[in-house]
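Residue numbers start at 1 and run along the sequence shown. Numbering of ligands and ligand atoms starts at 1, following listing order.
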Amino acid sequence: MSDSQKILVSGVKPTGDLHIGNYFGAMRQFVSLVKEGKYKPYIFVADYHALNSIQDAEEMRRRTREVVMAYLAVGLDPKKVIFFKQSDVPAHTELCWIFDTITTMPYLMRAHAYKDAEAKNKEINVGTFNYPMLMAADILLYDADIVPVGQDQKQHIEYARDTAEKFNRIFKTDIFKLPEHYIMPEVAVVPGTDGQKMSKSYGNVIPLFASRDELARAVMSIVTDSSGERPENVYAIHKLIRSENELTTIYSSNAGHYQVLKEMLIEDLDRYFAPIRAKYEELKDDSSIVDQVLADGAREARAVSEAKMEQVRKAIGVS
Ligand code: ADP
Ligand code: TRP
């Protein structure tokens, strides 16, 4: 990695049970962006953000490992990425506190995520309210140039930019660089087994790391409508892994034979995901690989963020 390389920072929450909608809709594009080699990437598991909803130690540990294994399995190369856990790098929470002191409540009350939670009349915890400040710290510590996120996270990048500007202005410094968001190219929404958007909250998913049996069960449960020319919900998933040309032939020569088409889809999905699943199993069998990746990542991230914090502490007058 050369020093002139632009810096990419992104966090992934370990709120798992990943499905093929996540893979085709986000993970695949993310991994290929990182693979391009244009950026120096800092990728971390946002476990302290997830603590707002996962409040069970065993679950936190399991989901953290699962998300690391998932990203490694789909092709993130740990030699080219600084991959770490947010909680392993104390600068994130330290800087978050400093940002809290220069941030007003009305400003945070304008955050979409907060307003949505309010509208649902939830009892909102302070961590959820404060979410954008921890995220600003995540980003600004590493001088991020770009932050790849989904559309729903765009406002959080604005918060990071505002906070960088405000800090620089108050403390008469230029310590923090203003990051840009990078919205990943949209793919069509992947439908679930019931034809609605595939989502873990709808119970209509095809799991990303499904065994052959789980795959078969999920595909067989795809809702088919006997009135149309072809089973649209089966076709829409098939289209993700085979060309439309191939599918036209297959679907017209098996018109009306939903069972046969579903069996082909099972076969195709099984083949498509076999290498990813094999890699995942390998990581599961040897836990030392994940431990090593996270330890190496934490060491590098600590060094970079600590250097930044020294400047920050000096600028605010605590050192
Ligand atoms: P879920 O709806 O299962 O809770 P998330 O909201 O955690 O999924 O989604 C994480 C990422 O995966 C988002 O960037 C989202 O755009 C993408 N994604 C999730 N479901 C789909 C889908 N059915 N089709 C396309 N992309 C999806
Ligand atoms: N809020 C992001 C999400 O829900 C996760 C995240 C935390 C993040 N910190 C980040 C993303 C910093 C990009 C940069 O998906």
Test of ring centre spacing under 6.0 Å for [X] and [Y]:
X	Y	result
Tyr71	Phe44	no
Phe171	Phe176	no
Tyr107	Tyr159	yes
Tyr23	Phe273	yes
His92	Tyr48	no

Heavy atom of protein closer than 4.0 angstrom to [atom]:
atom	value
atom 15 (C) of ligand 1	no
atom 4 (O) of ligand 1	yes
atom 1 (P) of ligand 1	yes

I'd like to know if [X] pairs up with [Y] as an ion pair, taking the criterion as any Lys NZ or Arg NE/NH1/NH2 lying under 4.0 Å from an Asp or Glu carboxylate oxygen.
X	Y	answer
Asp270	Arg212	yes
Glu59	Arg63	yes
Lys308	Asp143	yes

For this session: Would you mind finding which of Ala113, Ala137, Gly11 brings a heavy atom closest to atom 11 (C) of ligand 2?
Result: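 The residue whose heavy atom sits nearest atom 11 (C) of ligand 2 is Gly11.
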Problem set entry | OH/Tyr202: more than 12 non-hydrogen atoms of other groups inside 6.0 Å |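 Counting other residues, nucleotides and ligands, OH of Tyr202 stays at 12 neighbours or fewer.
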Within a distance under 4.0 Å of any heavy atom of [X], pick out the atoms of ligand 2 and give their elements.
X	answer
Tyr131	1 (N), 2 (C), 3 (C), 4 (O), 5 (C)
Ala46	7 (C)
Val147	13 (C), 14 (C)

Shortest protein contact, [atom] (heavy atom only):
atom	value
atom 27 (C) of ligand 1	Gly21 O, 3.3 Å
atom 9 (N) of ligand 2	Asp138 OD2, 2.7 Å
atom 7 (O) of ligand 1	Lys200 NZ, 3.1 Å
atom 13 (C) of ligand 1	Ala26 CB, 4.3 Å
atom 24 (N) of ligand 1	Val190 N, 2.8 Å
atom 7 (C) of ligand 2	His49 ND1, 3.3 Å

Exercise. Does NZ or CZ of Arg230 come closer than 6.0 Å to the centre of the six-membered ring of Tyr235, within 45° of the ring's axis?
Worked result: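 That pair qualifies as a cation-pi contact.
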For this session: Check whether any heavy atom of His19 sits under 4.0 Å from an atom of ligand 1.
Result: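 So His19 counts as touching ligand 1.
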For this session: Would you check the N or O atoms of Asn22, main chain and side chain alike, for any that come under 3.5 Å of an N or O of ligand 1?
Result: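 Yes.
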Exercise. Is Gly150 close to ligand 1, meaning an N/O of one under 3.5 Å from an N/O of the other?
Worked result: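 By distance alone, the answer is no.
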Exercise. Heavy atom under 4.0 Å from ligand 2: found in Phe44's side chain, backbone, both, or neither?
Worked result: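 Looking at Phe44 and ligand 2, just side chain atoms fall under 4.0 Å.
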For this session: Classify the contact between Ile139 and ligand 2 as side chain, backbone, both or neither, using a heavy-atom distance cut-off of under 4.0 Å.
Result: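 Just the side chain.
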For this session: Taking atom types as modelled, find out whether Ser211 and Asp213 have a side-chain donor-acceptor pair closer than 3.5 angstrom.
Result: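 Per modelled atom types, Ser211 and Asp213 side chains form no pair under 3.5 Å.
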Exercise. Between Asp194 and Asn204, is any side-chain donor less than 3.5 angstrom from a side-chain acceptor?
Worked result: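 Present: a donor and an acceptor within the cut-off.
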Problem set entry | Numbered atoms and elements of ligand 1 in range of Met198, under 4.0 angstrom, heavy atoms |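 Numbered from 1, ligand 1 contributes 20 (N), 21 (C), 22 (C), 23 (N).
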For this session: Using a strict cut-off of 4.0 Å, indicate which atoms of ligand 1 neighbour a heavy atom of Gly25.
Result: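 Those qualifying, in numeric order: 25 (C), 26 (N).
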Problem set entry | Donor-acceptor under 3.5 Å (His19 side chain, Asn22 main chain) |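 Checking the backbone N and O of Asn22 against the side chain of His19, a donor-acceptor pair under 3.5 Å is found.
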Exercise. Quick one: does Gln153 get an N or O within less than 3.5 Å of an N or O on ligand 2?
Worked result: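 There is such a contact, yes.
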For this session: Would you check whether Ser10 has a nitrogen or oxygen atom less than 3.5 angstrom from a nitrogen or oxygen atom of ligand 2?
Result: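 No.
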